[in-house]
**Q** 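One structure coming up, written as structure tokens, with questions to follow.
Note: hydrogens, waters and symmetry copies are ignored here, and every other heavy atom, side chains too, is used. None of these values were measured; they are calculated from a predicted model.
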Amino acid sequence: MMSTVKKAIKHLLGRDLWIRSDDRIATRFYGSRYGGWSIVEGTVGKGSVVYSFGIGEDASFDLGLIAAAACTVHGFDPTPKSLGWVEKNVHEERFVMHPWALGSEDGTLTLWMPDNPDHVSASLVSASGRSKGSFDAECKSLESVMKELGHERVDVMKMDIEGAEYGVIEALCADGAISKVGQLLVEFHHRMEGFTKAQTLSAIKRLRNEGFRIAWVSEVGHEVLFVRRSD
């Protein structure tokens, strides 16, 4: 209840967006309160293809989904600290880690690390609190990732990619790759310096135009599940 009140106050003050589900769909939550996400209940099994872009230091969603559905999850994060954490802490053979960033095209991204050593996520922008230093990361488009891993479809795709989601969503819709994704989980970063609420609204509109609807929104209102309309 308190999260709802805080969301409403931020919305009224113009500090955040109020994103609502389009309709009621049964979902199930996997993972910790910090790193967890919901997907449509009963839709993932042993043969499902799951991509999880942006691991950081919390793989609870991925491991929870593996435990429940016996599926394989492909995790992606180019951040050295994240790669080290996964190597040390995640020993599930069905969790397969890749050191790639997701981009709108193949190439190299310059990512900026946070000043706070307790934080792990790198961003596209060098803003307040994100000027500790940068590194170049190999990035791949979704089409290239799927080709390299031998997949024709992605049943569930999670993106927590620190602001890169806006360019990626535009590219996925422009080149048609979005048609190969069943459920799309996105954390929007309009609250972060360097990005705007207008970008999030535009991305949501773009996905709705591609046949998606919102099935779940997290307590804080930044994590959103998009599913394809069945009608």
**Q** How long is the straight-line distance from CG of Asp160 back to NE2 of His222, given to the nearest 0.5 Å?
**A**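 One gets 12.0 Å once the value is rounded to the nearest 0.5 Å.
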
**Q** Can you check whether Arg229 reaches Phe212 side chain to side chain, under 4.5 Å on heavy atoms?
**A**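 Result no, sub-4.5 Å side-chain heavy-atom pair not found.
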
**Q** Checking Glu57 against Ser82: is there a side-chain donor and acceptor pair closer than 3.5 Å?
**A**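 There is no such pair (donor and acceptor under 3.5 Å, judged by atom type) between the side chains of Ser82 and Glu57.
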
**Q** Quick one: pull up CZ in Arg191 and OG1 in Thr196 and give me the separation to the nearest 0.5 Å.
**A**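 Result: 13.5 Å between the selected atoms.
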
**Q** Output the distance between atom CG (Asp77) and atom CZ (Phe53), rounded to the nearest 0.5 Å.
**A**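 Answer for the CG-CZ pair, Asp77 versus Phe53, is 11.0 Å.
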
**Q** Checking Tyr51 against His151 for the ring pair (Phe, Tyr, Trp, His ring centres under 6.0 Å) test, could you report, in this order, the C-alpha distance in whole Å, the side-chain angles of both residues, the deciding distance, and whether it holds?
**A** CA-CA 11 Å; Tyr51 287 0; His151 297 138; 5.6 Å; yes

**Q** State whether Asp155 and Arg153 are salt-bridged, where the test is any N-O pair (Lys NZ or Arg NE/NH1/NH2 against Asp/Glu carboxylate O) under 4.0 Å.
**A**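 Salt bridge flag = yes for Arg153 with Asp155.
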
**Q** With side-chain contact (heavy atoms from CB on, under 4.5 Å) as the criterion, how do Leu185 and Met157 come out once you've worked through the C-alpha distance, each side chain's angles and the decisive distance to 0.1 Å?
**A** CA-CA 6 Å; Leu185 291 155; Met157 177 171 155; over 6 Å; no

**Q** For the side chain of Ser60 and the backbone of Gly31, is there at least one donor-acceptor N/O pair under 3.5 Å apart?
**A**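 The answer is no, because no donor-acceptor pair under 3.5 Å joins these two groups.
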
**Q** Shortest non-hydrogen contact from Trp37 to Glu187?
**A**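 For Trp37 versus Glu187, the nearest heavy atoms are CH2-N, 3.5 Å.
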
**Q** Side chains of His190 and Leu17: does their closest heavy-atom pair fall under 4.5 Å?
**A**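 The answer is yes; the side chains approach within 4.5 Å.
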
**Q** Under a 4.5 Å side-chain heavy-atom rule over Ile, Leu, Val, Met, Phe, Trp and Tyr, are Val73 and Val96 clustered together?
**A**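 No; Val96 is not reachable from Val73 via cluster members.
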
**Q** Is the ring pair Phe76/Trp100 parallel, tilted or perpendicular, if the boundaries are 30 and 60 degrees?
**A**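 Tilted, since the angle between the ring planes falls between 30° and 60°.
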
**Q** Taking side chain as C-beta onward, heavy atoms only, is Leu83 less than 4.5 Å from Val86?
**A**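 Heavy-atom side-chain distance check fails, nothing below 4.5 Å.
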
**Q** Side-chain heavy atoms nearer than 4.5 Å, only ILVMFWY residues, links allowed to pass through others: does that put Val44 and Met159 together?
**A**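 No: no chain of side-chain contacts under 4.5 Å links Val44 to Met159.
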
**Q** In Å and rounded to the nearest 0.5 Å, what is the CD to SG distance from Glu105 to Cys139?
**A**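 These two atoms lie 7.0 Å from each other.
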
**Q** Just by distance, with hydrogens left out, do Asp136 and Thr108 show a side-chain donor and acceptor under 3.5 Å apart?
**A**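 There is no such pair between these side chains.
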
**Q** Starting at CD of Glu92, measure out to CE of Met97 and round the result to the nearest 0.5 Å.
**A**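 The CE atom of Met97 is 14.5 Å from CD of Glu92, to the nearest 0.5 Å.
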
**Q** Is there a side-chain contact between Ile214 and Ile19 (heavy atoms, below 4.5 Å)?
**A**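 The answer is yes, as the side chains (C-beta and beyond) meet within the 4.5 Å cut-off.
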
**Q** Side-chain heavy atoms under 4.5 angstrom apart, residues restricted to Ile, Leu, Val, Met, Phe, Trp, Tyr: same cluster for Ile25 and Val156?
**A**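 Same cluster: Ile25 reaches Val156 through Ile, Leu, Val, Met, Phe, Trp or Tyr contacts under 4.5 Å.
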
**Q** Asp22 and Arg208: salt bridge (charged side-chain N to carboxylate O under 4.0 Å, His left out), yes or no, with the steps?
**A** CA-CA 10 Å; Asp22 292 322; Arg208 281 179 168 150; 2.6 Å; yes

**Q** Side-chain contact, heavy-atom cut-off 4.5 Å: Cys71 with Lys46?
**A**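 Sidechains of Lys46 and Cys71: no contact.
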
**Q** Are the side chain of Glu170 and the backbone of Val168 linked by a donor-acceptor contact shorter than 3.5 Å?
**A**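 No, the answer is negative, given that no donor and acceptor are paired below the 3.5 Å cut-off.
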
**Q** Do you know the tightest heavy-atom contact between Leu102 and Ser141?
**A**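 That closest heavy-atom pairing would be CD1-C, 4.1 Å.
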
**Q** State yes or no: do Phe226 and Ile39 share one hydrophobic cluster built from I, L, V, M, F, W and Y residues joined by side-chain heavy-atom distances below 4.5 Å, directly or via other members?
**A**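 In one cluster with Phe226: Ile39, no.
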
**Q** Check whether any side-chain heavy atom of Leu184 lies under 4.5 Å from a side-chain heavy atom of Leu207, and answer yes or no.
**A**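 Side-chain contact under 4.5 Å: yes.
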
**Q** Are side-chain heavy atoms of Trp216 and Val227 found at a separation under 4.5 Å?
**A**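 With C-beta onward as the side chain, the pair stays apart.
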
**Q** Linking I/L/V/M/F/W/Y whenever their side-chain heavy atoms sit closer than 4.5 Å, directly or via other members, would Val181 and Leu225 fall into one cluster?
**A**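 Looking at the clustering, Leu225 is in a separate group from Val181.
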
**Q** Quick check: closest heavy atoms across Ile55 and Ala59, and the distance to 0.1 Å?
**A**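 So the minimum-distance heavy-atom pair works out to CG2-CB, 4.3 Å.
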
**Q** Determine the minimum heavy-atom distance between Ala215 and Thr27, stating which atoms define it.
**A**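 Where Ala215 meets Thr27 most closely, the heavy atoms are O-CG2, 4.1 Å.
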
**Q** Can you confirm whether or not the ring centre of Tyr166 sits under 6.0 Å from the ring centre of His189?
**A**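 Not close enough - the centres of the two rings lie 6.0 Å or further apart.
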
**Q** Would you name the heavy atoms of Ile178 and Arg228 that are closest together and state the gap between them?
**A**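 Here Ile178 and Arg228 meet closest at O-NH2, 2.6 Å.
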
**Q** So, Lys180 and Glu152, do they make that salt bridge, N to O below 4.0 Å?
**A**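 Judged by the 4.0 Å cut-off on N to carboxylate O distance, Lys180 and Glu152 do not form a salt bridge.
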
**Q** Distance check, rounded to the nearest 0.5 Å: Ile169 atom CD1 versus Lys205 atom NZ?
**A**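 If I round to the nearest 0.5 Å, the distance is 15.0 Å.
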
**Q** Decide side-chain contact (heavy atoms from CB on, under 4.5 Å) for Arg28 and Val40; before the verdict, give the C-alpha distance in whole Å, the side-chain angles of both, and the deciding distance to 0.1 Å.
**A** CA-CA 6 Å; Arg28 181 175 174 184; Val40 178; over 6 Å; no

**Q** Would you sort out whether Gln183 and Thr43 count as a side-chain hydrogen bond (donor to acceptor under 3.5 Å, both in side chains), showing the intermediate values?
**A** CA-CA 10 Å; Gln183 298 181 58; Thr43 55; 2.8 Å; yes

**Q** Taking the side chain as every heavy atom from C-beta outward, state whether Val50 and Thr72 have any atom pair closer than 4.5 Å.
**A**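 Contact flag for Val50/Thr72 side chains = no.
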
**Q** Run the salt bridge (charged side-chain N to carboxylate O under 4.0 Å, His left out) test on Glu143 and Lys147 for me, step by step, so that the C-alpha distance in whole Å, both residues' side-chain angles and the decisive distance to 0.1 Å come before the verdict.
**A** CA-CA 6 Å; Glu143 290 275 19; Lys147 182 177 181 181; over 6 Å; no

**Q** If you take all heavy atoms of Gly54 and Ile161, which pair is closest and at what distance?
**A**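 That would be N-CG2, 4.5 Å.
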
